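Every value quoted in this text rests on a predicted model; they were computed, and no experiment measured them. Labels below follow one simple rule: chain letters A, B, ... track the order of the sequence lines, proteins then strands, and each chain is numbered from 1.
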Amino acid sequence: MTSSSSAGSQGHSAPGHSAPGHSRDDLPEDRELRLRRIRHSCAHVMAQATRERFGSDGPVHIATGPPTETGFYYDFELPRSVVPEDLEWIEERVKQIIAEGHQLVRAEVDAATAREIFADEPFKQEVLDGILSGHLDDNGALLEGDAPVLSTYTHNGFVDLCAGPHVDNTGDISPDAVKVLSAAGAYWRGDEKRPMLQRIYGTAWESREQLDHFLWQRSEAERRDHRKLGRELDLFMFDQSAPGMPYWLPDGWHVLSRLLEFSRTEHAKRGYREISTPLVNEKSLWETSGHWEHYVDNMFQIPIDEHRTYGVKPMNCPNAMIVFNRRTWSYRDLPLRLSDLDVLHRHERSGTLQGLLRVQSFRQDDAHIFVAEDEIGPELGRIFEIVNLFYGTFGMEHRLRMGTRPTSFLGDVATWDHAEGALREILDGSIGPDRYTIAEGDGAFYGPKIDIIMRDALDREWQMGTVQLDFQLPRRFGCTYVKADGTRETPVVVHRAIYGSLERFMAVLLEHTAGALPPWLSPCQVALLPVRAEHEPLARDIMEELGEASILARVVDASAGSLGARVREARLQRVPYMLVLGDREVAGGTLAVRLREGGEVRGADRGDAIARLRGAIQERHRTTDVAFADLLTDVEVGSPR
RNA sequence: GCCGGUGUGGCGCAGUUGGUAGCGCAGGCGAUUUGUAAUCGCCAGGUCGUGGGUUCGAUCCCCACCGCCGGCUCCA
């Protein structure tokens with residue numbers, strides 16, 4: 001896990017915000033275990049309450065109910081849909097049962113007894129099938145070794161098949177630290193071909209304060225939702241006629257363009273050459289690439305007549321192969337680095353779109369590198385230098401995940417082992433052995449990969465950048481280069497994107513910064529606020545000087561409202577710097593600089609202040625205070641509002 | 001695609017037990033010329049997501065479709 005501070009997304013005061021409810025010598029693992037026990041037990045209690053609630057309407061079948069990172073859920077097959085009143089009722093009942101203080105009694109049972117106890121529970125029978133066959137645990141995951149012991153936990157007459165652990169007594173749980181949150185559908189065993197069950201989510205903590213803190217965090221997340229910020233800051237929009245296809249508005253497009261510009265500049269320095277290729281290609285290209293076989297469901301198709309169909313590109317790689325194949329290459333030309341920032345379209349199943357996080361049209365800072373097999377390692381090193389530069393620049397928390405050979409794969413094991421070894425080596429060297437995870441079998445079918453994972457405001461994880469090794473596409477397209485001995489060899493292709501989808505990156509960036517973008521990305525970097533109309537000439541004069549220093553400024557005239565109103569508006573728009581211009585500034589020839597992150601410098605030398613603004617922007621500082629730190633007497637760190 | 005919810009002026013929301021709708025902010029106009037988070041007044045703006053059905057009459061009831069929200073599945 002690579003992390004560092006983010007621009008102003010922290011530092012709010014909150015109910016119970018200061019280290020909720022655990023002492024200093026309290027080990028994190030102990031706390032985790034206690035929470036797991038509480039939550040797991042809450043799931044059982046909720047299952048009992050739910051059965052009571054729905055029992056009169058028809059049969060209730062319980063499935064499984066594990067603890068989660070912040071709470072718990074339980075899956076049921078119910079005689080009718082869950083409505084909000086049900087959740088209220090269930091929550092009250094859960095609290096009641098907890099308060100009654102029931103023992104949770106563990107019992108080990110043999111298979112026949114277990115079958116008997118859960119005779120009316122088809123899902124439990126299936127769980128038993130799995131456990132007894134010795135292959136699956138109750139989440140359906142593969143197990144190693146002997147079949148485990150079967151155990152049940154019973155409280156208040158409610159029996160559940162469960163390995164535990166649980167609290168000893170429901171009295172160990174604080175009823176007012178438990179809340180039933182929501183209901184949603186979920187497939188049995190996560191398999192869309194199996195029945196849809198109803199899942200009820202809840203959250204549970206050690207204390208009321210911890211619960212309040214959690215709920216406060218959720219409301220904060222709502223405030224930082226990039227969709228909301230996109231509207232408020234007028235960055236992007238959607239229209240019903242193009243679901244999941246963002247319209248980038250002037251300010252939003254400005255930000256996105258700066259991101260692209262940064263990418264272009266840094267890649268050009270490193271030998272990447274940018275290309276742009278057709279948006280649509282005739283179907284035969286997609287047949288060659290294998291997309292028509294493996295990816296049609298995600299492709300927009302354009303039928304031209306009964307003989308021809310075009311496919312809108314969901315990826316850039318096939319066209320990169322075509323570009324490569326236009327001539328003969330020597331080993332001296334490798335690695336050949338072709339970047340491509342074109343728009344891609346992927347048709348997604350309805351119900352999966354999520355603001356900018358999951359869209360149907362987007363662009364990637366994509367590149368395809370044609371490389372000789374023995375050059376993979378060094379090239380990966382160069383890629384991770386870019387990764388570190390980018391993610392260091394934004395200072396956003398992320399983690400890396402390596403995906404290894406899947407069960408169904410192309411090519412031979414030796415090549416895979418070699419590639420995985422190269423990836424691992426580069427990760428250990430440039431990131432650190434403990435700073436990435438391995439997802440066994442999670443690689444692409446054509447090669448292993450490393451993904452950059454980030455979290456959104458609601459703590460959901462998203463794949464951002466990716467680095468993938470591909471041994472298959474160059475083969476399918478007959479790509480070759482001439483080796484020193486005159487023979488031909490197929491190059492390996494490295495697919496890589498650093499931001500990943502620019503749209504998704506923008507979403508996460510907005511949520512991490514709560515809209516307070518780093519000044520170098522801001523569509524307006526400085527707001528010039530003349531106190532009265534007579535100060536407007538000074539404002540225009542300064543704007544011109546800022547313009548010469550490549551600083552984006554806007555004058556907000558006095559006619560736009562009181563100074564207070566204009567300051568408020570500038571803050572809501574997250575403008576990084578505000579210059580209030582009045583009599584004092586006219587008289588002294590100085591500037592009063594107010595910083596978005598808090599703090600103000602009055603009487604600053606005009607030339608010096610502008611130089612500092614320019615420096616902060618050019619150096620891509622993440623917050624406004626860095627460049628003025630030595631001048632500030634009272635710096636508050638925190639996001640606006 | 002599946003489960004549940006939802007759709008009223010640019011945004012955030014009321015509302016009509018069925019008789020074609022209001023509020024705040026934003027916007028326009030006028031007054032106010034203001035030293036760091038909202039100056040005051042007036043005005044304008046909506047075929048209540050779309051298409052069917054029931055009804056004398058539908059924004060409200062029913063059906064279908066579309067979008068959006070939360071999950072599941074899938075994924076950058």
>> The test is ring pair (Phe, Tyr, Trp, His ring centres under 6.0 Å); show your working for Y201(A) and F72(A) and say whether it passes.
In response: CA-CA 6 Å; Y201(A) 285 96; F72(A) 57 92; 9.2 Å; no

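- Base-pair partner of U36(B): not found among the strands shown (Watson-Crick or G-U wobble, both distances under 3.5 Å).
- Separating the P atom of G19(B) from that of C61(B) is a span of 12 Å, rounded to the nearest Å.
- Comparing the C1' positions of G10(B) and G70(B) gives an interatomic distance of 26 Å, to the nearest angstrom.
- For the pair E585(A) CD and U36(B) P, the computed distance is 12 Å after rounding to whole Å.
- Among the protein residues, D297(A) comes within range of no part of the nucleic acid, since none of its heavy atoms lies under 4.0 Å from any strand.
- In this structure, the nucleotide among G70(B), C72(B), U39(B) sitting nearest to the side chain of A186(A) is C72(B).
- Of all nucleotides listed (G70(B), A37(B), U36(B)), U36(B) comes nearest to the side chain of E600(A).
- Taking atom P in both A21(B) and G12(B), one finds a spacing of 23 Å when rounded to whole Å.
- Across C66(B) and A26(B), the matching C1' atoms stand 28 Å from one another, rounded to whole Å.
- Nearest heavy-atom pair, I542(A) versus L579(A), reported as atom, atom and distance to 0.1 Å: CG2-CD1, 4.2 Å.
- The partner of C60(B) cannot be assigned: no Watson-Crick or G-U wobble pair with both contacts below 3.5 Å exists in any strand.
- Taking atom CG of L181(A) as the reference point, atom P of C69(B) lies 20 Å away to the nearest angstrom.
- With hydrogens and angles left out, the side chain of R594(A) and the base of U36(B) share a donor-acceptor pair within 3.5 Å.
- Atom CG of L87(A) and atom P of G4(B) are 14 Å apart (whole Å).
- By the 5.5 Å and 30° criteria, Y201(A) is not stacked with the base of G71(B).
- The side chain of R568(A) sits closest to A37(B) out of G4(B), A37(B), A76(B).
- The separation of U73(B) from U16(B), taken at their P atoms, amounts to 40 Å, rounded to a whole angstrom.
- With a cut-off of 3.5 Å on both Watson-Crick or G-U wobble distances, the partner of G9(B) is given as none.
- Distances were taken from every side-chain heavy atom of Q240(A) (C-beta onward) to each of A38(B), C72(B), C66(B); the shortest belongs to C66(B).
- Annotation: side chain of W188(A) is not in contact with side chain of D75(A) (no heavy-atom distance under 4.5 Å).
- Nucleotides U8(B) and G15(B), compared at atom C1', are 9 Å apart to the nearest Å.
- Of all nucleotides listed (U36(B), A76(B), U33(B)), U33(B) comes nearest to the side chain of A558(A).
- For Q463(A) and A76(B), the CD to P distance is 5 Å, given to the nearest whole Å.
- Straight-line distance from the CG atom of L538(A) to the C1' atom of G35(B): 14 Å, rounded to whole Å.
- Across all strands shown, A14(B) forms no Watson-Crick or G-U wobble pair with both distances under 3.5 Å.
- Following rounding to the nearest Å, L341(A) (CG) and A76(B) (C1') show an atom-to-atom distance of 15 Å.
- There is a side-chain donor-acceptor pair under 3.5 Å between N319(A) and N281(A).
- At distances below 3.5 Å, not a single donor-acceptor pair connects side-chain atoms of Y272(A) with backbone N or O atoms of R264(A).
- Under the Watson-Crick or G-U wobble criterion, with both distances below 3.5 Å, C29(B) is paired with G41(B).
- Nucleotides C68(B) and G49(B) are separated by 10 Å at their C1' atoms, to the nearest Å.
- Residue V580(A) places its side chain closer to U36(B) than to any other of U73(B), U36(B), U33(B).
- Geometrically, R199(A) engages Y73(A) in a cation-pi contact defined by less than 6.0 Å to the ring centre and at most 45° from the axis.
- Of the candidates G1(B), A76(B), U36(B), the closest approach to any side-chain atom of L563(A) belongs to U36(B).
- Checking the phosphate oxygens (OP1, OP2) of A38(B), no side-chain nitrogen or oxygen of R566(A) falls inside 4.0 Å.
- In a base pair of the Watson-Crick type (N1 to N3 plus N6-O4 or O6-N4) or a G-U wobble (N1-O2 and O6-N3), with each distance short of 3.5 Å, C2(B) is matched with G71(B).
- In the set G35(B), C72(B), U33(B), C72(B) carries the atom at the smallest distance from any side-chain atom of Y187(A).
- In this structure, D75(A) places its CG atom 10 Å from P of C72(B), rounding to the nearest Å.
- Listed nucleotides A37(B), U33(B), G1(B) differ in distance to S350(A); the shortest reach to its side chain belongs to G1(B).
- The same atom, P, is picked in C75(B) and in C13(B); the two are 34 Å apart, to the nearest Å.
- Atom CZ of R504(A) is separated from atom C1' of A76(B) by 4 Å (rounded to the nearest Å).
- Across all strands, R602(A) comes closer than 4.0 Å to base atoms (heavy-atom distances).
- A donor-acceptor pair under 3.5 Å is absent between the side-chain atoms of D251(A) and the main chain of P523(A), judged by distance alone.
- Across all strands, G190(A) comes closer than 4.0 Å only to sugar-phosphate atoms, never to a base (heavy-atom distances).
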